[in-house]
Amino acid sequence: DGGITQSPKYLFRKEGQNVTLSCEQNLNHDAMYWYRQDPGQGLRLIYYSQIVNDFQKGDIAEGYSVSREKKESFPLTVTSAQKNPTAFYLCASSSRTSRSTDTQYFGPGTRLTVL
Amino acid sequence: GQNIDQPTEMTATEGAIVQINCTYQTSGFNGLFWYQQHAGEAPTFLSYNVLDGLEEKGRFSSFLSRSKGYSYLLLKELQMKDSASYLCAVKGGSYIPTFGRGTSLIVHP
């Protein structure tokens, strides 16, 4: 079955620790994205990648870092510099970014709680 | 920049019809998407509009007017399972979707 997986579903960390969220897709999609969702808020773009070894900052990139060493994988690190990291994190992928019709497919999300 | 506006919350009765509006202002336009998101789950794709007019898909329809920067999602024959958040997302000139805050729909018996 093709799809996007994120692990873990729930993650707890102490304040000041870096934490890495996993995102893997087997849809052969070129583009991948990370969004953050807070209660009552829409999805806000953290980073996106259009191709391996390249990524761009989104609207709220401060305190986050990413890598794209493989087409299938786009891990997100939440660093200690992120002031309010507790949120629901969603990873998505699409065939590419440059076509109007390309739909994003989302993973199940990781709920991060920083204690 | 881009601005997308949709109502925060709506309520409706099982079996009824509900219309969820979305207005947008973007630099360029390359399509508008509607997603459904149940609490704690991933958004799932519902519909896509890039040309003016109505797109129908079963109980769900979506309408677009590019000149007015306006779209709506129409849900017919509402069921309890339709209680969810509905997200409007617009692709502007960058082709990267920008999401609205979502409309929480509550369907009651």
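Letters go in sequence order (proteins before strands), and every chain restarts at 1. This structure is a prediction, so every number in the text was calculated from the model and none was measured.
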Any side-chain to backbone donor/acceptor pair from B:Tyr35 onto A:Gln104? Under 3.5 Å, distance only.
yes
Spacing of A:Gln37 atom CD and B:Ser85 atom OG [to the nearest 0.5 Å]:
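Between atom CD of A:Gln37 and atom OG of B:Ser85 there are 7.0 Å.
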Apply side-chain contact (heavy atoms from CB on, under 4.5 Å) to the pair B:Ile96 and A:Tyr48, showing each step before the final yes or no.
CA-CA 9 Å; B:Ile96 305 299; A:Tyr48 66 97; 3.6 Å; yes
For [X], is the [atom1] atom crowded, meaning more than 12 foreign heavy atoms sit under 6.0 Å from it?
X	atom1	result
A:Gln41	CD	yes
A:Lys9	NZ	yes
A:Glu62	CD	no

Within residues 66-84 of chain A, which residues come under 4.5 Å of chain B, heavy atom to heavy atom?
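Heavy-atom contacts from residues 66-84 of chain A to chain B are absent.
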What residues of residues 107-115 of chain A sit under 4.5 Å from chain B when only non-hydrogen atoms are counted?
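Expected list: A:Gly107, A:Pro108, A:Arg111.
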Sorted by number, residues from residues 55-67 of chain B in contact with chain A (heavy atoms, under 4.5 Å):
none
Which residues from residues 100-109 of chain B are near chain A, with near meaning under 4.5 Å between non-hydrogen atoms?
B:Gly100, B:Arg101
Hphob cluster co-occupancy, [X] + [Y], side-chain heavy atoms under 4.5 angstrom:
X	Y	value
B:Leu51	B:Leu74	no
B:Leu46	B:Leu54	no
B:Tyr24	B:Tyr72	no
A:Ile46	B:Phe99	no
A:Leu90	A:Tyr64	no

Given that the side chain runs from C-beta out, which part of A:Tyr105 has a heavy atom under 4.5 Å from chain B: side chain, backbone, both or neither?
neither
Any idea which heavy atoms bring B:Pro43 and A:Leu43 closest together, and the distance?
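Result for this residue pair: CG-CD2, 4.3 Å.
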Search all heavy atoms of B:Gly40 against all heavy atoms of A:Phe88 and return the closest pair with its distance.
O-CZ, 3.8 Å
Segment of B:Gln37 engaging chain A (4.5 angstrom heavy-atom cut-off)
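Contact with chain A involves the side chain of B:Gln37 alone.
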